[in-house]
Amino acid sequence: MSRLVRPQTLRGFRDVLPAEMSLQNELVRRIRAVYEHYGYVPLDTPVMELLPTLVGSGGDEADAQIFQLLNPEQQTVGLRFDLTVPFARIIAQYTPDPIKLPFRRYHLGPVFRADDPQPEQGRFRQFTQVDIDVAGTESIAADAEIVAVMVDAFAALELPRGDDGPPFYLRVNNRKLVDAFLAGVGIVDPERCAHVLRVLDKSDRITDRQLAEELREGRYDRSGDFIPGVGLTGGVVDALLDFVAVTGATRAEVVAALAGHLAPSELSEAALAEATELTAHLEALGVAEESARFDPSLARGLAYYTGTVYEGTLAGGGVGSVVGGGRYDGLVSRFLDEAVPMVGASIGLDRLVTGLRNLDVDLGTGADRVQVLVLVMPGVDAAVSSGIAAKLRAEGIGAELYVGKDQGKVGRQLSYANSLGYRAAVMVGRKELEADQVTVKDLRAGSEQRADIADRETYRKAGQTGQISCAREQLPAAVRGLLDDGDAGR
RNA sequence: GCCGGGAUAGCUCAGUGGUAGAGCACCUGAUUGUGGAUCAGGUGGCACGGGUUCAAUUCCCGUUCCCGGUACCA
């Protein structure tokens, strides 16, 4: 029995090590630039909220996914499970002053769900969302703008185009269309409508036959569990499946075709009007048809969406959706008597990273890491090297001082620099001190020039390959010249 | 949540009712202030708790975690 504490992460949680964190930083930098370009402003909120803020009016299952804890005052608090609910609270709490509507904000931060984690598929109990939302407008222009922002944000990632389509695309729908269809066949019970939407939401994961079975009486899954069905009858199921299978060459064509499947009603007309207006705005915004398709089967089974819904996919990423969102006009009414309409979308950063890794995408990150190691030479006070490093930094050149063991062993230090891929090593030993010089070693050139040497002795004798000595005051210029040269070669 | 499978070195994996191995990684060395490759040597492990047994890493039960499926997902 060991007295040591075993180092481990909590189930469903993970550490993000430097290689991935660099990538995340780069992704966020690009995404944020696009968000800001559209006029979204930054906002942050605490990861914890009082439980009543988070707990919805309906759904014990939803509440079960909230991490709960006690604060020192013995109040039950919960970790936020998305950034949307805190945004609704912000709107309720800070309008009309200091926040004026309409209000666009972006928000990046961790959210928590006490789910069954599936790390390989990018499902964790803590994950990072990068949200944008607009509060205080019913205009469909806002719904369309969210789509355009997402398409632009992913364009900024400069992903390689696939063989059969764009690397990223959104599916877009309006839940009022399905609602209108269901109302047309006499289904108006919200519970049943929600169930239908949940089943339709699986349409890309299960076969048409399984879909039909779940809409009827239910089916047995592979493990033998029974999945209860909606209980619709044959004719309605067929009509519904026809409805959600409608396709077309353009978004406008899909919407026009859907009109033919809807029984005339006020609801149908409103739904079609919204969908038509959305396609017009997308067109005006220059959103390519292949980047945002209209898909009547998209449901996003979640209860609080009231109109437009979106889902974004990384083609070939193997992680499901990386973007989700839609219009939710009822959320603020939990906090305020008046309704504040909202629409927004969220990028799942962890899934995006996983997807990019599956696609072998290289965003050329690592620019945030220093390229220069200052060695501590034998017989020379380490403070000399500290001073050299400080000089470089003062000139705007990132530099790391060697602080590992065996200071003074040049080979060990160069080996360290080599294993981390540094570009240059700076040496000030006794020889340099006497001549008031510094030595700058180009690690890449040295490596290339000695690559074919198989004999150990010869290799060692060629050790000084790629290095130059110069006057001390010329050090920054010498290092900079080497680094610039390296960037050009990348 | 439910069904099934798994857990052996830092990593990927072999293997056994009598306390275990490989490859890679890591460390040391191959004379002085020079990286890589090579060569020689070395460190390091049977998830946790209980049971059966003369003896358990191996068989059984439980726990935790991981994987696959399924359900759910604001």
Side-chain angles (χ1 to χ4, degrees), chain A residues 1-2 6-13 53-66 78 80-88 111 113-121 123 125 129 198-199 201-202 205-206 210 214 219-228 300-305 320-321 324-326 328 330-331 334 346 373 375-380 405-406 408-422 425 427-432 439 441-467:
Chain A
M1 261 256 280
S2 172
R6 185 211 310 254
Q8 57 183 347
T9 42
L10 239 40
R11 172 173 160 80
F13 289 73
T53 302
L54 300 174
V55 174
S57 47
D60 293 338
E61 283 188 29
D63 302 350
Q65 283 193 24
I66 300 175
R80 63 187 180 200
F81 52 77
D82 71 5
L83 301 177
T84 308
V85 170
F87 183 51
V111 302
R113 295 183 195 178
D115 248 356
D116 185 25
Q118 281 165 11
E120 292 294 310
Q121 290 157 46
R123 267 175 69 149
R125 287 181 170 176
Q129 294 195 324
R198 275 203 305 277
V199 174
D201 197 43
K202 303 180 189 178
R205 298 195 296 273
I206 62 178
Q210 290 172 325
E214 281 200 43
R219 68 181 174 95
Y220 289 91
D221 69 20
R222 209 177 309 179
S223 70
D225 276 3
F226 181 70
I227 303 169
R300 289 199 60 74
L302 312 181
Y304 70 37
Y305 290 117
S321 60
Y328 46 101
L331 204 47
R334 186 184 310 167
S346 176
L373 182 72
L375 271 51
V376 177
M377 300 299 280
V380 175
K405 64 174 181 174
D406 286 338
K409 276 198 176 179
V410 175
R412 171 183 281 281
Q413 298 182 59
L414 286 173
S415 180
Y416 169 81
N418 195 54
S419 67
L420 292 179
Y422 286 177
M427 296 177 268
V428 179
R430 271 200 286 244
K431 281 187 297 197
E432 285 85 359
T439 296
K441 187 179 187 70
D442 181 340
L443 292 170
R444 192 181 303 169
S447 173
E448 284 165 5
Q449 288 166 29
R450 297 197 295 172
D452 295 331
I453 300 175
D455 174 64
R456 179 180 148 75
E457 284 308 310
T458 315
Y459 186 84
R460 283 171 67 92
K461 278 179 186 150
Q464 297 191 8
T465 308
Q467 67 191 52

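No hydrogens, no waters, no symmetry mates; every other heavy atom, side chains included, goes into these values.
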*With a 4.0 Å cut-off on heavy atoms, is A:Tyr328 in touch with a base, just the backbone sugar-phosphate, or nothing at all?*
nothing
*What does A:Gly421 touch in the nucleic acid at a heavy-atom separation under 4.0 angstrom: a base, only the sugar-phosphate, or nothing?*
nothing
*Check whether any side-chain nitrogen or oxygen of A:Lys202 sits under 4.0 Å from OP1 or OP2 of B:U70, and answer yes or no.*
no
*Rounded to whole angstroms, how far apart are CD on A:Gln413 and P on B:G36?*
13 Å
*Verify side chain to side chain contact (heavy atoms under 4.5 Å, CB included) between A:Val85 and A:Leu54, making sure each step is shown before the conclusion.*
CA-CA 7 Å; A:Val85 170; A:Leu54 300 174; 4.2 Å; yes
*asked:* Using the side chain to side chain donor-acceptor pair (under 3.5 Å) criterion, which residues pair with A:Thr458? Sequence neighbours excluded.
replied: A:Asp455
*Give a yes/no on whether any side-chain N or O of A:Ser415 is located under 4.0 angstrom from OP1 or OP2 of B:G36.*
yes
_Phosphate contact (B:U31 OP1 or OP2) by A:Arg456 side-chain N/O below 4.0 Å_ = yes
_Please tell me if A:Arg460 has a side-chain N or O lying less than 4.0 Å from either OP1 or OP2 of B:U32._
yes
_A:Arg198 vs B:C73: side-chain N/O to OP1/OP2 distance below 4.0 Å_ = yes
_What verdict does the side-chain hydrogen bond (donor to acceptor under 3.5 Å, both in side chains) test give for A:Thr439 and A:Glu432, after you've listed the backbone C-alpha separation in whole Å, the side-chain angles of each residue and the deciding distance to 0.1 Å?_
CA-CA 7 Å; A:Thr439 296; A:Glu432 285 85 359; 2.5 Å; yes
*Between A:Lys409 and B:G29, does any side-chain N or O lie under 4.0 Å from OP1 or OP2?*
yes
*Rounded off to whole Å, could you give me the CD-to-P distance for the A:Gln65 and B:G1 pair?*
11 Å
*Output yes when a side-chain donor or acceptor of A:Arg334 lies under 3.5 Å from a complementary backbone atom of A:Thr53, and no otherwise.*
yes
*Which heavy-atom pair separates A:Pro117 from A:Arg11 by the least distance, and what is that distance?*
CD-NH2, 3.6 Å
*Given B:C66, is OP1 or OP2 found less than 4.0 Å from the side-chain N or O atoms of A:Arg11?*
yes
*asked:* Stem finding on RNA chain B, please: runs of three or more consecutive Watson-Crick or G-U wobble pairs, both distances under 3.5 Å, sorted by first number.
replied: B:1-7 with B:64-70, B:10-13 with B:21-24, B:26-30 with B:38-42, B:47-51 with B:59-63
